[in-house]
Amino acid sequence: MIAPTADPAVSHPSQPAANRLIPAHLRRIVLTGFMGAGKTTVGRLLAGRLGWEFLDLDACIESRAGLTVPSIFAAHGEAHFRQLESQALAASLGRSNVVLALGGGAPESLTNRLLIEQTPATATVFLDAPFATLIDRCVTQSVDAKSIAPPAQARPVLADPASAEARFLARQPIYRRLAHYTISTASLTTGETVAALLTRLQTTPPVRSNSRL
Ligand code: S3P
């Protein structure tokens, strides 16, 4: 088990409330989905409701590497980023009472999927939305962040729209099969997404459609 640190990627809990909101055996909730799915916003809100820690995998990678995600892509390439991502994932899954927001590409790696599947007491949730909605959200996020840079500057994988859509299509079945729960978020606010997820966790046993891809 990894000891808690003063890592900026980690939000620390204030009030433990998980016991009355989700099944008692759960120790981790992993959020997956494409860029713009709302993994970080929903994850932070959910962790707050549960009184759990929130971990954002990209922020963990950045804090471990001392570089931003776009800088890692630019200086070392995507393959190196994916290695750092797997290492950060393994470390993050060692924590308990944690909501973990993955980067959109993390489930593409079989190693990462096995790590997630084999970590006990872990519910995996796919936040689903159509490609156009996700891209709109990424654009809105960069406007909200008052960034004069285009969304692809923060998310290098968006640089080429055609290849971003190809990645989206290729990843959809991977997200679906890895997840115990899929929430369609297109018409939901982040608060409604958290409420829908808490209801599903309380009422539906965790089931994977097919754990091997
Ligand atoms: C990526 C998604 C990003 C980040 C990196 C690569 C991807 O995370 O990990 O830019 O391949 O989809 P978010 O999904 O949090 O934007």
Side-chain angles (χ1 to χ4, degrees), residues 8-11 29-47 54-93 98-113 115-116 124-145 147 149-176 178-179 182-183 185 190 193 213:
V10 181
S11 301
I29 298 174
V30 174
L31 301 180
T32 76
F34 202 69
M35 291 164 281
K39 303 177 293 286
T40 301
T41 316
V42 168
R44 204 180 290 283
L45 204 55
L46 177 63
F54 171 69
L55 281 175
D56 178 80
L57 193 62
D58 284 338
C60 294
I61 296 165
E62 291 182 335
S63 117
R64 291 161 68 96
L67 288 171
T68 63
V69 169
S71 306
I72 299 169
F73 269 76
H76 304 288
E78 181 170 350
H80 180 69
F81 171 79
R82 298 299 171 194
Q83 284 174 4
L84 300 182
E85 186 173 52
S86 290
Q87 290 162 10
L89 176 64
S92 302
L93 289 171
V98 67
V99 177
L100 172 63
L102 300 184
E108 273 191 330
S109 145
L110 176 61
T111 305
N112 292 350
R113 296 200 297 276
L115 272 172
I116 294 165
T124 305
V125 180
F126 170 30
L127 300 181
D128 191 17
F131 184 69
T133 305
L134 296 165
I135 296 303
D136 280 354
R137 288 183 189 160
C138 290
V139 171
T140 306
Q141 280 169 17
S142 69
V143 170
D144 287 350
S147 164
Q153 196 136 328
R155 290 175 160 119
V157 164
L158 291 181
D160 172 12
S163 89
E165 185 160 18
R167 285 191 201 237
F168 168 80
L169 293 172
R171 288 176 185 173
Q172 284 296 100
I174 296 174
Y175 294 140
R176 257 178 215 291
L178 181 64
T182 295
I183 309 283
T185 68
T190 48
T193 301
L213 263 184

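Here the structure is a predicted model, which means the values were calculated and not measured. Order of listing sets the numbers, starting from 1, for every ligand and every atom in it.
- Where the criterion is an N or O separation shorter than 3.5 Å, residue side chain and backbone included, Glu78 fails it with respect to ligand 1.
- The protein heavy-atom contact nearest to atom 4 (C) of ligand 1 is Asp58 OD2, 3.2 Å.
- Rounding to the nearest 0.5 angstrom, the gap separating the SG atom in Cys60 from the CD atom in Gln87 is 12.5 Å.
- Looking at Ser71, its side chain never comes within 3.5 Å of a backbone N or O of Leu67 through a donor-acceptor pair.
- Distances from atom 12 (O) of ligand 1 to the heavy atoms of Arg167, Arg155, Arg171 show the closest one on Arg171.
- A donor-acceptor contact under 3.5 angstrom links the side chains of Arg137 and Thr185, judged on distance only.
- Close N/O approach between Lys39 and ligand 1 is found [any backbone or side-chain N/O within under 3.5 Å].
- Set against the non-hydrogen atoms of Arg82, the atoms of ligand 1 under 4.0 Å away are 6 (C), 7 (C), 11 (O).
- In this model, no donor atom of one side chain and acceptor atom of the other lie less than 3.5 Å apart for Gln172 and Arg167.
- Shown in contact with Val157 at under 4.0 Å from a heavy atom are these atoms of ligand 1, numbered in order with element: 6 (C), 7 (C), 11 (O).
- Leu134 has its side chain out of reach of Met35: every pair of non-hydrogen atoms, C-beta onward, lies at least 4.5 Å apart.
- If you number the atoms of ligand 1 from 1 as listed, the ones under 4.0 Å from a heavy atom of Val69 come out as 5 (C), 10 (O).
- Taking every heavy atom of Pro156 and a limit of under 4.0 angstrom, the matching atoms of ligand 1 come to 10 (O).
- Between Gly105, Ala101, Ala59, it is Gly105 that holds the heavy atom closest to atom 7 (C) of ligand 1.
- Ligand 1 has no atom lying under 4.0 Å from any heavy atom of Glu108.
- Residue contact check: Met35 has heavy atoms under 4.0 Å from atoms 2 (C), 12 (O), 13 (P), 14 (O), 16 (O) of ligand 1.
- Between Thr40 and ligand 1, no pair of N/O atoms sits closer than 3.5 Å.
- Taking 4.0 Å as the cut-off between side-chain N and carboxylate O, Lys39 and Asp56 do not count as a salt-bridged pair.
- In this structure, Gln141 does not count as a contact residue of ligand 1, since none of its heavy atoms falls inside 4.0 Å of the ligand.
- Counted by atom type alone, Asn112 and Ser86 present one or more donor-acceptor pairs between their side chains at under 3.5 Å.
- Between Gly104 and ligand 1, at least one pair of N/O atoms sits closer than 3.5 Å.
- Taking CG of Leu31 as the reference point, atom CG of Leu57 lies at 11.5 Å (rounded to 0.5 Å).
- By the 30° and 60° cut-offs, the orientation of the rings of Phe34 relative to Phe168 is perpendicular.
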